[in-house]
> 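Pasting a structure here, questions to come.
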Amino acid sequence: MKTLVVGMTILGASAFSQITAQEQVEVSDAELHKIAAAFQDIQRVNMEAQQQVMETVKESGFDPNRFNEMYQASASEEKTVEASDEEKQRFGEVMGKIQQMQTGFMKQIQEIISNEGLSMERYEQIAMALQTDADLQGRLRAALEQKP
């Protein structure tokens, strides 16, 4: 379940700007502090999203592990899962609800980023750089430690 929520709420890799791993992104300390502030609020939204998705799955009558198994199979060409027609229909209905929730979560995240004075494009560029730049990761950790 965590895989589903993390993948959908923290701007999955496909949503990131097109940037190669070799590109160096210059990030000012001021921008990094904005990222740190946004990160904390995004973490809060992510936790709320996880709880809401879990509640939606449970309310549908799915065992969370079974739902996650079906989700992973639906997201992968290599994985398959046996399911009854009723279970497939219920899965589709739950995924529809989750996708609607995802839209709301993404709006919240975009608002958080905007309120920090960053564009989505710049946030995505920095987020992508953070995946591969150890120095930038260290600077972000330091910025996060300075936050109250």
Side-chain angles (χ1 to χ4, degrees), residues 1-76 79 81 87-148:
M1 185 55 57
K2 196 172 189 175
T3 303
L4 168 66
V5 176
V6 171
M8 71 177 206
T9 60
I10 302 298
L11 304 172
S14 64
F16 286 117
S17 297
Q18 302 302 315
I19 180 173
T20 63
Q22 294 83 2
E23 261 184 87
Q24 288 293 323
V25 175
E26 293 298 320
V27 181
S28 69
D29 288 341
E31 280 183 312
L32 209 54
H33 286 286
K34 290 176 182 182
I35 292 285
F39 180 79
Q40 292 174 330
D41 288 338
I42 290 170
Q43 287 289 87
R44 179 189 45 77
V45 170
N46 188 37
M47 289 179 65
E48 290 171 10
Q50 288 180 22
Q51 291 172 346
Q52 288 181 20
V53 167
M54 186 65 77
E55 287 173 20
T56 300
V57 168
K58 287 180 180 177
E59 287 171 4
S60 73
F62 268 107
D63 170 75
N65 291 326
R66 175 64 176 162
F67 183 85
N68 202 34
E69 177 184 16
M70 291 181 72
Y71 173 77
Q72 289 175 356
S74 74
S76 169
K79 287 188 176 185
V81 65
E87 194 175 32
K88 289 176 186 176
Q89 179 181 346
R90 205 163 26 116
F91 176 80
E93 291 169 0
V94 174
M95 282 304 297
K97 290 178 185 177
I98 290 171
Q99 287 170 347
Q100 287 178 339
M101 291 169 25
Q102 179 182 4
T103 300
F105 299 139
M106 287 304 297
K107 285 180 183 174
Q108 288 178 346
I109 289 170
Q110 289 170 343
E111 188 174 308
I112 289 166
I113 291 166
S114 175
N115 288 345
E116 289 299 329
L118 294 166
S119 70
M120 278 302 293
E121 293 77 20
R122 182 62 177 157
Y123 178 84
E124 291 168 352
Q125 184 181 38
I126 295 169
M128 183 62 96
L130 279 163
Q131 293 181 0
T132 58
D133 187 330
D135 180 56
L136 191 55
Q137 291 169 10
R139 289 177 55 209
L140 178 61
R141 272 192 297 279
L144 286 167
E145 290 170 4
Q146 292 176 1
K147 288 284 173 201

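For reference, positions follow the sequence shown, starting with 1. As the structure is a prediction and not an experimental result, all values here were calculated from the model.
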> State, yes or no, whether a side-chain contact exists between F62 and E87 at a heavy-atom distance under 4.5 Å.
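Touching, per the 4.5 Å side-chain cut-off.
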
> Is there side-chain contact between I98 and V57, with at least one heavy-atom pair below 4.5 Å?
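They are in side-chain contact.
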
> Taking NZ, NE, NH1 and NH2 as the nitrogens, is one of them in K58 or E55 under 4.0 Å from a carboxylate oxygen of the other?
no

> Mind telling me whether F91 and F67 have parallel, tilted or perpendicular rings, with 30° and 60° as the class edges?
tilted

> Looking only at non-hydrogen atoms, find the nearest pair between G117 and K34 and report the distance.
O-NZ, 4.0 Å

> Determine whether the side chains of Q125 and E121 contain a donor N or O and an acceptor N or O closer than 3.5 Å.
no

> Could you tell me whether the side chain of V81 reaches within less than 4.5 Å of the side chain of Q72, counting heavy atoms only?
no

> Considering non-hydrogen atoms only, spot the tightest contact between M101 and T56 and give its length.
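That would be SD-OG1, 3.5 Å.
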
> Filter on salt bridge (Lys or Arg N to Asp or Glu O under 4.0 Å), then keep only pairs touching residues 96-120, sequence neighbours left out; what's left?
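Counting only pairs at least two positions apart or across chains, no salt bridge (Lys or Arg N to Asp or Glu O under 4.0 Å) contact touches residues 96-120.
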
> Any side-chain heavy atom of P64 sitting closer than 4.5 Å to one from M54?
yes

> Give the intermediate values and the outcome of side-chain contact (heavy atoms from CB on, under 4.5 Å) for residues Y123 and Q110.
CA-CA 10 Å; Y123 178 84; Q110 289 170 343; over 6 Å; no

> At what distance, to the nearest 0.5 angstrom, does CG of N115 lie from CD of Q108?
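Here the interatomic distance stands at 11.5 Å.
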
> Indicate yes or no: does E48 engage R44 in a salt bridge with an N to O separation below 4.0 Å.
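Counted as a salt bridge, because a side-chain N and a carboxylate O are separated by less than 4.0 Å.
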
> Looking at CD1 of I112 and CD of Q40, how far apart are the two atoms once the value is rounded to the nearest 0.5 Å?
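Those atoms lie 11.0 Å apart.
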
> Can you give me the closest heavy-atom contact between H33 and Q146, atom names plus distance?
CE1-OE1, 3.0 Å

> When you look at Q89 and E93, which way does the side-chain hydrogen bond (donor to acceptor under 3.5 Å, both in side chains) test go after all the steps?
CA-CA 6 Å; Q89 179 181 346; E93 291 169 0; 3.2 Å; yes

> Just verifying a value: how many Å separate I35 CD1 and L118 CG, rounded to the nearest 0.5 Å?
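So the gap between those two atoms works out to 5.0 Å.
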
> Side-chain contact test, heavy atoms from C-beta onward, threshold under 4.5 Å: evaluate it for V25 versus R122 and give yes or no.
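Side chain of V25 against side chain of R122, heavy atoms only: contact under 4.5 Å found.
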
> Output the distance between atom CD (Q51) and atom CG (N46), rounded to the nearest 0.5 Å.
10.0 Å

> Kindly compute the distance separating CD1 (I113) from CD1 (I42), expressed to the nearest 0.5 Å.
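That separation rounds to 4.0 Å.
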
> Quick one: CZ on R139 to CG on L144, what's the gap to the nearest 0.5 Å?
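Nearest 0.5 Å value for the CZ-CG distance: 12.5 Å.
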
